[in-house]
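Some notes on the structure that comes next.
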Amino acid sequence: MLIAHISDFHVFHDRAETPLVRPDATRAARRVVEDMAQFSPGFDAVAFTGDLTDGGSAEDYGLLRDVLSPLKVPVFAVPGNHDKRTTLRSTFGDSIPFEEGHFLNYEAHLGFLRILALDTLIEGRSEGALAPASLDWLAGKLALPARGPTLLLLHHPPFPSSIASLDRAALTVGREEMVEILRAYRAPLFILAGHIHRPFQAVWNGAYCAVAGSPAFQIALDLAVSEHEPGQVSEPYAYYVYRIDETGSFTVHTRFVALD
Ligand SMILES: [Fe+2]
């Protein structure tokens, strides 16, 4: 099973709401998608961990749909803090099996792989939360016997990046409760996230964790304890390529894409 992991495209139709987003974010996104579409052997699916668009308008999602159209495999997306639930649901509800109700959580299956997608969006805020209803949903899903490995997708990392200012704006509500749920789970679990705009990997509560980078803008590596958000940096962009087998064996590669 071959999975691509992308994040934080921040595609916008009219103008970017986020000053750091590159003016040609759509062109950069198209380059990444073109590379994924041509990758051989083909991917079985794409995990897209939020900030799909920069503003969340219907026009933004319409443009994103067009950007993603070369991909002929399922794209499992979760909302980021720049997304909007209503327009995301209405644009992608035909291809993503969102649960009914307020939150955009969902479960999907791809062969032996189970995908659990979590909605951590607090509309209008940068940081994220797992509401009690979403925690209950996750606990219920993980209480069922697993047939194989599980990919857990969410935008706001519950695990630390060690970039202090960004960790304060990551998953701030429901994190401890999530740890309790994960600690009781014994089968292979991989947690994929975004939000930090800098790729990194971690092992947290026994699970492999990764944040995918962003083609829209990247932030510098600054591990000093600081109040200030690290500045922008221009570094080569790569998305992750995961090969997963039924036993939970997991290989990670970085696939570099020239954006300029
Ligand atoms: Fe973002």
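Just follow the structure's listing: the first ligand is 1, and inside any ligand the first atom is 1.
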Checklist line | In the protein, N/O/S atoms that are found under 2.8 Å from the Fe ion (ligand 1), waters not counted | finding: D8 OD2, H10 NE2, D51 OD2, H197 NE2
Notebook entry, point to check: Nearest heavy-atom pair of T120 and P79: which atoms, and what distance?
Noted result: OG1-O, 4.5 Å
Next item on the list: Could you pull out all residues at least two apart from R125 that satisfy salt bridge (Lys or Arg N to Asp or Glu O under 4.0 Å)?
Entry: E127
Next item on the list: Classify the ring geometry between F92 and Y61 as parallel (under 30°), tilted (30 to 60°) or perpendicular (over 60°).
Entry: perpendicular
Check: Can you say whether the rings of F217 and H197 are parallel (under 30°), tilted (30 to 60°) or perpendicular (over 60°)?
Finding: parallel
Next item on the list: Please confirm whether the backbone N or O of L153 pairs with a side-chain atom of T49, one donor and one acceptor, at under 3.5 Å?
Entry: no
Next item on the list: Hey, can you tell me if Y239 and Y237 have their rings parallel, tilted or perpendicular (30° and 60° cut-offs)?
Entry: tilted
